[in-house]
Student: 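Right, I'll just put the structure down here and ask away after.
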Amino acid sequence: MLQKSFVDPDDTSYNSFFSETHAGQHVPRAIFVDTDPSTRNEILSESPDLFHPENVLGYKQDCKNNFFEGRFMASHLKVKEDVLDRVRLQVDLCSNLQGFFVFHAFGGGTGSGIGCEILHDLHEAFDKKVIFQPIVFPSRQFASSMVEPYNCIFSTFYTRDVVDVTMMLDNQAVYQMVESKQCIKNPDFHHVNRLIAQTISACTTSLRFEAQLSAKMTEIVTNLVPSKEFRYPVLSLAPIRGKDQENHETFSPQEIVTELFETSSVLSDVSHLKSNRYLAAVILLRGNEESFKEQGDGVAGYPKKETLPMEANKCITALQTVKDGTHRSPVKFAPWVSAGFKVGLVAVPPARDARAHSEYSSSTLHFLNFRKLIKPNLQNFP
Ligand SMILES: Nc1nc2c(ncn2[C@@H]2O[C@H](COP(=O)(O)OP(=O)(O)OP(=O)(O)O)[C@@H](O)[C@H]2O)c(=O)[nH]1
């Protein structure tokens, strides 16, 4: 439970994702939905005081891994109405709503079918707001059922006009990152979800903290999505290191940016990355460990605002080096892409979690428009 006593009065970063009650408790502006009743019970038993119980919706049975069963259930069980009611209540508590993050998996029936119906309603009700859609795409090795690719194709098609940015994630790539970079044997969803959460949270740093270079949701869309057809970026995260390695390495913006463009840093299974051309990239950097240690006497252990750990120019130089291939083979961009990349800078390092097996000295995220992956599938539809 986030009580008022834990929150610094000068720190307003919580307000973006938490609403404060009269009792001083901070309640997440989040709504969970699963047709399987066990998920609701699990969330409420693990975090009994954190989430509003009515924002965690559960029903009688799952959607049998079937996209069309999910769509049917969305109307039959009135899931759409329930979710929209809760969303409207949350929106009323917001003072400056920018948009929505809709997390779902495309492999199962609930995530694909019900997720798709909810997205259509959200788009209709809040058509001026940005919708970011982080998706767990099915992966070859970790699929839980044979029909996952079909559900994925259907939901990709049915959500193509209602979402602003679809962030592609896949469990296979993230498992491999956890195993190879964090040196954790037999990782589970807990480890995978931590990396995914870290990546997605980088998109919202400008909303939560005072940014040196701002990259708000609308700015990310403007710089990344030339048309709705090209709104499927892949995400990458760097540097990721195991607990044993982290004290032996330091990272400059140059090294972080270079690592971001390596296939092993991408949270999707993209084996042909080198043969593709990038259409756009957004790079979001957060504060580094050095300034955190030396000058970190600011609010709640964060560095003072005036001691900036990052320099925008270094990032731009790093990007140019990556493009020119000064040290290695160049990363190929479309010919019309010049140096005009969107860069977001926030001088607040990621929070450290005592439970985590690995910690990061800084976290970065970028998007690459990766057209070959999705476009052929969409062309199969009329
Ligand atoms: N990264 C990640 N992937 C998950 C998690 N839980 C499930 N998945 C993946 O999401 C996909 C669908 O998962 P399910 O939860 O079985 O499906 P559902 O959306 O609930 O649909 P139904 O079971 O048909 O109601 C599968 O590919 C899973 O591997 C999780 O906690 N993290």
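Atoms within a ligand are numbered from 1 in the order they appear, just like the ligands themselves.
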Student: Just jot down the ligand 1 atoms closer than 4.0 angstrom to any heavy atom of K64, in number order.
Tutor: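 Numbered from 1, ligand 1 contributes 24 (O).
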Student: For ligand 1, which is the ligand I care about here, please tell me if I196 has any N or O atom under 3.5 Å from one of the ligand's N or O atoms.
Tutor: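 No - when backbone and side-chain N and O of I196 are compared with those of ligand 1, no distance drops under 3.5 Å.
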Student: Under a 3.5 Å distance rule, please check whether S112 uses its side chain to pair with a backbone N or O of G107 as donor and acceptor.
Tutor: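 It does not hold such a pair.
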Student: Establish, from distance only, whether the side-chain atoms of H191 and D188 form a donor-acceptor pair under 3.5 Å.
Tutor: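 Result is yes, a qualifying pair exists.
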Student: Under 4.0 Å, heavy atoms only, figure out whether ligand 1 is touched by the backbone of N193, its side chain, both or neither.
Tutor: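 The side chain, only.
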Student: Could an N or O of ligand 1 be found under 3.5 Å from any N or O of C63, whether backbone or side chain?
Tutor: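 Such a contact does occur with ligand 1.
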Student: Could any protein non-hydrogen atom be found less than 4.0 Å from atom 22 (P) of ligand 1?
Tutor: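 Flag for atom 22 (P) of ligand 1 set to true, protein heavy atom closer than 4.0 Å.
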Student: Ignoring angles and geometry beyond distance, decide whether N65 reaches within less than 3.5 Å of ligand 1 through its nitrogen or oxygen atoms.
Tutor: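 N65 vs ligand 1: N/O contact under 3.5 Å present.
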Student: Strictly by modelled atom types, are D34 and T39 linked by a side-chain donor-acceptor pair under 3.5 Å?
Tutor: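 Yes, because at least one side-chain N or O of D34 sits under 3.5 Å from a partner of the opposite role on T39.
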Student: What's the shortest distance from atom 20 (O) of ligand 1 to any protein heavy atom, and which residue and atom give it?
Tutor: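 Result for atom 20 (O) of ligand 1: D34 OD1, 3.7 Å.
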Student: Whether R71 engages the ring of Y158 as a cation-pi pair (distance to the six-membered ring centre under 6.0 angstrom, angle to the ring normal within 45°) should be assessed.
Tutor: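 Ring-cation test returns yes.
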Student: Under 3.5 Å, side chain of Q25 to main-chain N/O of D49, donor-acceptor pair present?
Tutor: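 Checking the backbone N and O of D49 against the side chain of Q25, a donor-acceptor pair under 3.5 Å is found.
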Student: Assess the side chains of T166 and R231: does a donor N or O sit below 3.5 Å from an acceptor N or O?
Tutor: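 R231 and T166 do have a side-chain donor-acceptor pair below 3.5 Å.
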Student: Looking at V192, which atoms of ligand 1 are within less than 4.0 Å of one of its heavy atoms?
Tutor: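 What qualifies from ligand 1 is 1 (N).
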Student: Indicate yes or no: does K181 engage E259 in a salt bridge with an N to O separation below 4.0 Å.
Tutor: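 Yes, K181 and E259 are salt-bridged.
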Student: What protein heavy atom sits nearest atom 6 (N) of ligand 1, and how far away is it?
Tutor: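 Answer, as residue, atom name and distance: F189 CE1, 3.6 Å.
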Student: Give me the nearest non-hydrogen protein atom to atom 19 (O) of ligand 1 as residue plus atom name, then the distance to 0.1 Å.
Tutor: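 Result: G111 N, 2.8 Å.
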Student: To which protein heavy atom is atom 27 (O) of ligand 1 closest, and what is the distance rounded to 0.1 Å?
Tutor: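 For atom 27 (O) of ligand 1, the nearest protein heavy atom is E148 OE2, 2.9 Å.
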Student: Could you check whether any side-chain N or O of R40 sits under 3.5 Å from a backbone N or O of P53, counting only pairs where one atom can act as donor and the other as acceptor?
Tutor: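 Checked: pair present.
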Student: Less than 3.5 Å between some nitrogen or oxygen of G109 and one of ligand 1, yes or no?
Tutor: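 Yes, there is a polar N/O contact under 3.5 Å.
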Student: Would you say the side-chain atoms of Y59 and D82 include a donor-acceptor pair closer than 3.5 Å?
Tutor: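 Result is yes, a qualifying pair exists.
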Student: Taking heavy atoms and a distance under 4.0 Å, where does T35 meet ligand 1: side chain, backbone, both or neither?
Tutor: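 The side chain, only.
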Student: Which residue holds the protein heavy atom closest to atom 25 (O) of ligand 1, what is that atom called, and what is the gap in Å?
Tutor: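 Ranked first by proximity to atom 25 (O) of ligand 1 is T110 OG1, 2.5 Å.
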Student: Considering non-hydrogen atoms of the protein only, which is the closest contact for atom 12 (C) of ligand 1, and what is the distance?
Tutor: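 The protein heavy atom lying closest is G108 N, 3.5 Å.
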Student: For atom 10 (O) of ligand 1, what is the nearest protein heavy atom, given as residue, atom name and distance?
Tutor: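 It is A105 CB, 3.2 Å.
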Student: Taking the six-membered ring for Trp, are F72 and H76 parallel (under 30°), tilted (30 to 60°) or perpendicular (over 60°)?
Tutor: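 Rings of F72 and H76: parallel, under 30°.
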Student: Examine N171 against ligand 1 and note whether any of their N/O atoms are separated by less than 3.5 Å.
Tutor: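 Yes, since at least one N or O of N171 sits under 3.5 Å from an N or O of ligand 1.
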Student: Assign the ring pair F18 / H26 to parallel, tilted or perpendicular, where the plane angle (0 to 90°) is split at 30° and 60°.
Tutor: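 It falls in the perpendicular class, over 60°.
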